[in-house]
Amino acid sequence: MEKILTDKVKEAVFSLYNRQVDEKQIQLQKTSKDFAGDITLVVFPFLGFSKKKPEETGKEIGNYLQENVKEITGFNTISGFLNLVMDNKYWTDLFGKMVNDRDFGFKKKGSLNKTILVEFSSPNTNKPLHLGHIRNNLIGYALSKIFEANGYRVKKVNIVNDRGIHICKSMLAWQKWGEGITPEKAGKKGDKLVGDFYVKFEQEYKKQIQFLIEKGANKDKAVRSAPLMKEAHKMLRRWEDGEQEIIDLWNRMNSWVYKGFDKTYKSLGVSFDKIYYESDTYKTGREIVLSALEKEILFKKEDGSVWVDLSEEGLDEKVLLRSDGTTVYMTQDLGTAFQRYNDYEFFRQIYVVGNEQNYHFQVLVLLLDKIGYKWAKDIYHLSYGMVELPEGKMKSREGTVVDADDLISEMIDTARDMSEELGKLDTYSEKQKEDIFRIIGLGALKYFILKVDPRKNMIFNPKESIDFNGNTGPFIQYTYARIKSVIRKATEKNIKIPDKTDVRFEPNKKEIELIKLLAEFPKIVQDADFQMTPAVIANYCYELTKEFNQFYHDFSILNAEDDETRIFRLQLSEVTGRIIEKGMGLLGIEVPERM
RNA sequence: GGCCCCAUAGUUCAAGGGAUAGAACGGAAGUUUCCUAAACUUCAGAUUCAGGUUCGAGUCCUGGUGGGGCUACCA
């Protein structure tokens with residue numbers, strides 16, 4: 001419709017004022033609720049052509065459109081806005097299509113024949129996942145779903161930073177103070193156990209620094225020369241030399257961590273198509289750097305370290321290989337990117353990584369381009385904002401880091417408490433109930449995080465932020481459950497809901513409003529792709545739900561005036577439920593049959 | 001110091017240069033003999049400041065203030 005209108009407006013302006021208009025000047029928008037009409041054309045841009053007042057220009061164009069577009073039955077102009085009134089038949093026909101089309105709003109999977117790679121999660125193996133990772137995972141997973149719904153082939157990938165000094169710290173602490181403990185013996189998730197040893201290292205290390213300072217060393221020197229740190233570096237070198245004892249320990253402790261991560265991923269409901277490991281990709285990175293060095297794209301300093309000079313691009317010099325030949329983060333990322341292009345020949349690669357790494361990705365893209373990879377331009381850093389607590393940033397030192405597992409189970413506990421207080425599920429088995437609590441608790445958490453524009457920082461108050469009323473996941477889930485309940489009741493009464501419709505009567509205003517909102521779904525799915533933000537899906541689901549709740553409140557579905565209306569309302573409910581389910585599905589949020 | 005990002009009701013979030021800036025929570029007041037009241041209805045309440053561009057600015061530009069990030073041979 002929008003396309004037809006755009007063309008017709010062009011025609012109108014040409015026939016009325018003999019001028020060609022640029023499509024960009026044709027602004028069509030939803031008519032604001034406070035005015036009569038369905039679609040609004042902003043006429044200000046045409047005043048220069050018409051040389052007439054806004055109202056008059058609007059009327060002239062309106063007349064032309066009404067005569068030439070059969071779906072338009074009327075119009076009004078208010079200052080520079082031409083509000084077009086569409087025939088109800090236009091909306092009910094559209095509704096007919098939705099009833100019939102189970103894939104309404106989605107393009108066929110892979111129909112574009114283009115692959116998008118989405119990297120998200122990217123944990124270090126020395127600590128458990130926390131709230132920041134949750135935001136990262138949810139954004140990455142939702143985006144993957146959104147791309148898929150828009151016809152792309154999607155590969156979800158994870159890059160695990162499994163090597164480096166931070167893991168050595170945990171390993172060393174375990175050797176020194178672990179007394180052979182394992183996750184099984186400790187009764188603890190492996191990622192948590194390894195994280196504990198990381199903390200232990202930092203504590204002991206700090207004591208040593210303090211001791212050295214008291215003995216008269218300056219701070220810098222103390223930081224560098226503390227025996228524990230020296231030992232950790234020694235361990236890193238032994239790891240890089242491939243010493244069996246170290247490699248075995250490394251494998252063992254990492255496997256604990258992976259088991260723990262898997263559990264967290266599973267309870268969050270995210271998954272990956274492929275997991276890359278930096279212990280693997282850093283070698284590729286080094287090769288890339290060395291060969292670029294040969295081609296003199298990079299240069300070597302006297303101490304043997306390898307650098308790239310990005311001063312022409314307005315940046316600095318950046319180190320790529322240390323003087324001892326070991327690699328840095330950037331080197332690994334070069335290797336990872338290269339391997340991924342080899343694996344998938346992606347059309348686009350999205351890195352879901354926090355905005356504190358903006359500079360890093362700017363360098364990465366420039367560097368790949370300089371080295372000569374034509375796909376460098378296809379890399380996009382989805383730079384999401386920090387999650388902060390009411391009192392500021394999460395700080396591990398102050399113990400304010402919100403653990404992912406803890407948060408998830410707290411959410412489920414809250415859902416359990418609320419549900420049991422309401423007592424609506426008393427007839428269900430424990431297992432059924434637990435499943436519903438899980439769906440609601442996670443729904444609350446995921447929706448709360450995803451409704452915020454990823455690019456913005458957000459504040460998360462673990463105690464107060466998460467509601468189950470208002471603009472929340474459970475609110476939307478509740479509406480879905482009510483719809484399902486009505487449909488069950490209809491089935492019990494032997495009312496069949498056909499999957500075709502031909503509405504011959506005039507629906508009421510609220511019903512038309514609902515249809516209009518439902519009709520927006522395909523555009524919303526596209527917008528989420530273009531803007532790369534799940535937030536537009538979340539906001540849409542909320543708006544749709546609110547609209548449905550008003551309809552549900554104002555009109556009876558099962559006790560409608562006549563059969564025709566009853567069937568129509570059931571279909572309207574069914575389609576709404578389906579769109580809610582699909583929309584929430586794009587966010588990775590499940591919807592319960594009852595709650 | 002240099003570079004980048006952000007600033008909207010008491011609070012947490014919306015608003016592709018377009019109409020009277022939307023919600024939610026919290027506050028005040030209502031709705032249930034009726035399909036799930038985790039719902040619905042009503043009221044009060046906001047664009048950090050100073051300029052500029054534009055027919056039109058929360059949105060674009062310049063500057064100030066306030067907050068965050070980056071600026072490692074860390075990741």
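A note on names: the letters A, B, ... follow the listed sequences, proteins ahead of strands, and every chain is numbered from 1.
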Self-check item: Sugar-phosphate only, base, or nothing, as touched by A:Leu558 at under 4.0 Å among non-hydrogen atoms
Solution: base

Practice problem: Give the rounded distance in Å between these two atoms: CD of A:Glu543 and C1' of B:C13. | Solution: 14 Å

Practice problem: Give the rounded distance in Å between these two atoms: NZ of A:Lys33 and P of B:A19. | Solution: 16 Å

Practice problem: Give one of base, sugar-phosphate or nothing for A:Arg455, where a contact means two heavy atoms less than 4.0 Å apart. | Solution: nothing

Exercise. Please state whether the phosphate of B:G69, meaning OP1 or OP2, lies under 4.0 angstrom from any side-chain nitrogen or oxygen of A:Asn355.
Key: no

Exercise. Remember a base hit wins even if backbone is also touched, and classify A:Thr326 as base, sugar-phosphate or nothing at under 4.0 Å, heavy atoms.
Key: nothing

Quiz prompt | Complementary nucleotide for B:U53 - Watson-Crick or wobble, under 3.5 Å | solution = none

Self-check item: Interatomic distance, A:Gln477 CD vs B:A39 P [rounded to whole Å]
Solution: 12 Å

Quiz item: If you take atom types as modelled and just measure distance, does the side chain of A:Thr40 reach the base of B:A19 with a donor-acceptor pair under 3.5 Å?
Solution: yes

Quiz item: Starting at CZ of A:Phe551 and ending at P of B:C40, how long is that distance when rounded to a whole Å?
Solution: 14 Å

Quiz item: Looking only at N and O atoms, is any donor in the side chain of A:Asn83 or the base of B:A19 less than 3.5 Å from an acceptor on the other one?
Solution: yes

Practice problem: May I have the distance from A:Lys451 (atom NZ) to B:A24 (atom P), rounded to whole angstrom? | Solution: 11 Å

Quiz prompt | P-based separation of B:C13 from B:G17 [nearest Å] | solution = 23 Å

Exercise. Determine the interatomic distance between P on B:G45 and the same-named atom on B:C4; round to the nearest Å.
Key: 40 Å

Quiz item: With centres under 5.5 Å and planes under 30°, do A:Phe81 and B:G18 count as stacked?
Solution: no

Quiz item: For B:A39, which nucleotide is its Watson-Crick or G-U wobble mate, given both distances must be under 3.5 Å?
Solution: B:U31

Quiz item: Touch check for A:Met458, heavy atoms < 4.0 angstrom, all strands: base, sugar-phosphate only, or nothing?
Solution: sugar-phosphate

Quiz item: Choosing from B:A14, B:A19, B:U71, which nucleotide comes nearest the side chain of A:Asn539?
Solution: B:A14

Quiz item: Counting side-chain heavy atoms from CB outward, which of B:A24, B:C25, B:G18 is closest to A:Asp467?
Solution: B:C25

Quiz item: Within the structure shown, what part of the strands sits under 4.0 Å from A:Tyr552 by heavy-atom distance: base, sugar-phosphate, or nothing?
Solution: base

Quiz prompt | Interatomic distance at C1', B:U20 relative to B:C34, whole Å | solution = 36 Å

Quiz prompt | Donor-acceptor side-chain pairing of A:Gln332 and A:Arg163 below 3.5 angstrom | solution = yes

Quiz item: In whole angstroms, how far is the C1' atom of B:A15 from the NZ atom of A:Lys456?
Solution: 9 Å

Quiz item: Which nucleotide, B:C13, B:G18, B:A75, lies nearest any side-chain atom of A:Ile459?
Solution: B:C13

Quiz prompt | Side chain of A:Gln332 (C-beta onward), nearest among B:A75, B:C70, B:C40 | solution = B:A75

Self-check item: Ionic contact status for A:Lys33 with A:Glu547, cut-off 4.0 Å
Solution: yes

Practice problem: Evaluate whether the aromatic ring of A:Tyr478 and the six-membered ring of the B:A39 base sit under 5.5 Å apart, centre to centre, with an inclination under 30°. | Solution: no

Practice problem: Considering only atom C1', compute the distance from B:A44 to B:G30 and round it to an integer number of Å. | Solution: 16 Å

Self-check item: Partner nucleotide of B:G22 by Watson-Crick or wobble geometry (both distances under 3.5 Å)
Solution: B:C13

Quiz item: Does A:Tyr384 have A:Arg455 sitting over its ring (NZ/CZ under 6.0 Å from centre, angle to axis within 45°)?
Solution: no

Quiz prompt | P gap between B:C60 and B:A39, integer Å | solution = 35 Å

Quiz item: NA contact type, A:Ala490, heavy-atom cut-off 4.0 Å: base, sugar-phosphate, or nothing?
Solution: nothing

Quiz item: Contact class for A:Val42 (heavy atom, under 4.0 Å): base, sugar-phosphate, or nothing?
Solution: base

Practice problem: Both distances under 3.5 Å, Watson-Crick or G-U wobble: report the partner of B:G66, or none. | Solution: B:C6

Quiz prompt | Atom-pair distance (CZ on A:Phe468; P on B:A38), nearest Å | solution = 14 Å

Quiz item: Looking across every strand, which nucleic acid part, if any, lies under 4.0 Å from A:Phe555 by heavy atom: base, sugar-phosphate, or nothing?
Solution: base

Quiz item: Ring centres of A:Phe361 and A:Tyr351 under 6.0 Å apart?
Solution: yes

Exercise. Can you tell me the pairing partner of B:A44 across any strand shown, Watson-Crick or G-U wobble, with both distances under 3.5 angstrom?
Key: none

Quiz prompt | Complement of B:G58, any strand, by Watson-Crick or G-U distances under 3.5 angstrom | solution = none

Quiz item: On RNA chain B, nearest-nucleotide positions of A:Gln29 versus A:Asp324: which is more 5'?
Solution: A:Gln29

Quiz item: Using the ring of each side chain (for Trp, its six-membered ring), is A:Tyr282 parallel, tilted or perpendicular to A:Trp239, with breaks at 30° and 60°?
Solution: tilted

Quiz item: Hey, does A:Ile466 reach any base, or is it just sugar-phosphate, or nothing, if we go heavy atoms under 4.0 Å?
Solution: nothing

Self-check item: Euclidean distance for P, B:U71 against B:A75 (whole angstrom)
Solution: 12 Å

Quiz item: Say you pick atom P in B:G1 and the same atom in B:A24; how far apart are they, in whole Å?
Solution: 44 Å

Quiz item: OP1 or OP2 of B:A37 sitting under 4.0 Å from any side-chain N/O of A:Arg482?
Solution: yes

Quiz item: Across the strands shown, which category fits A:Ser305 at heavy-atom distances under 4.0 angstrom: base, sugar-phosphate, nothing?
Solution: base

Quiz item: Per the ring pair (Phe, Tyr, Trp, His ring centres under 6.0 Å) rule, which among A:Phe468, A:Tyr480, A:Tyr542, A:Phe448 passes with A:Phe475?
Solution: A:Tyr542

Quiz item: From B:A23, B:A75, B:A14, pick the nucleotide closest to the side chain of A:Tyr329?
Solution: B:A75

Quiz prompt | Modelled atom types, side-chain donor and acceptor of A:Tyr277 and A:Asn254, under 3.5 Å | solution = no

Exercise. Check step by step if side-chain contact (heavy atoms from CB on, under 4.5 Å) holds for A:Asn508 and A:Phe555.
Key: CA-CA 10 Å; A:Asn508 65 43; A:Phe555 302 97; 3.4 Å; yes

Practice problem: Scan A:Phe44 against the nucleic acid and name what it touches under 4.0 Å (heavy atoms): base, sugar-phosphate only, or nothing. | Solution: base

Quiz item: Parallel under 30°, tilted from 30 to 60°, perpendicular over 60°: which one fits the rings of A:Tyr329 and A:His360?
Solution: parallel

Quiz item: Under 6.0 Å from the six-membered ring centre of A:Trp307 and within 45° of its axis: does the NZ or CZ of A:Lys318 meet both?
Solution: no

Practice problem: Classify the nucleic acid contact of A:Asp554 as base, sugar-phosphate or nothing, counting any heavy atom under 4.0 Å across all strands shown. | Solution: nothing

Quiz item: How is A:Gln531 classified with respect to the nucleic acid when contacts are heavy atoms under 4.0 Å: base, sugar-phosphate, or nothing?
Solution: nothing

Quiz item: Can you tell me how far P in B:C61 sits from the matching atom in B:G27, rounded to whole Å?
Solution: 40 Å

Self-check item: Nearest-neighbour nucleotide for the A:Ile440 side chain, B:C40, B:A38, B:A19 considered
Solution: B:A38

Exercise. Between A:Asn358 and A:Arg594, just flag the one whose closest nucleotide in RNA chain B comes earlier from the 5' side.
Key: A:Asn358

Self-check item: Atom pair distance, as rounded to whole Å: CD in A:Glu356 and C1' in B:U71
Solution: 14 Å

Exercise. Mind checking A:Ser419 for me? I need base, sugar-phosphate or nothing, with any heavy atom below 4.0 Å counting as a touch.
Key: base

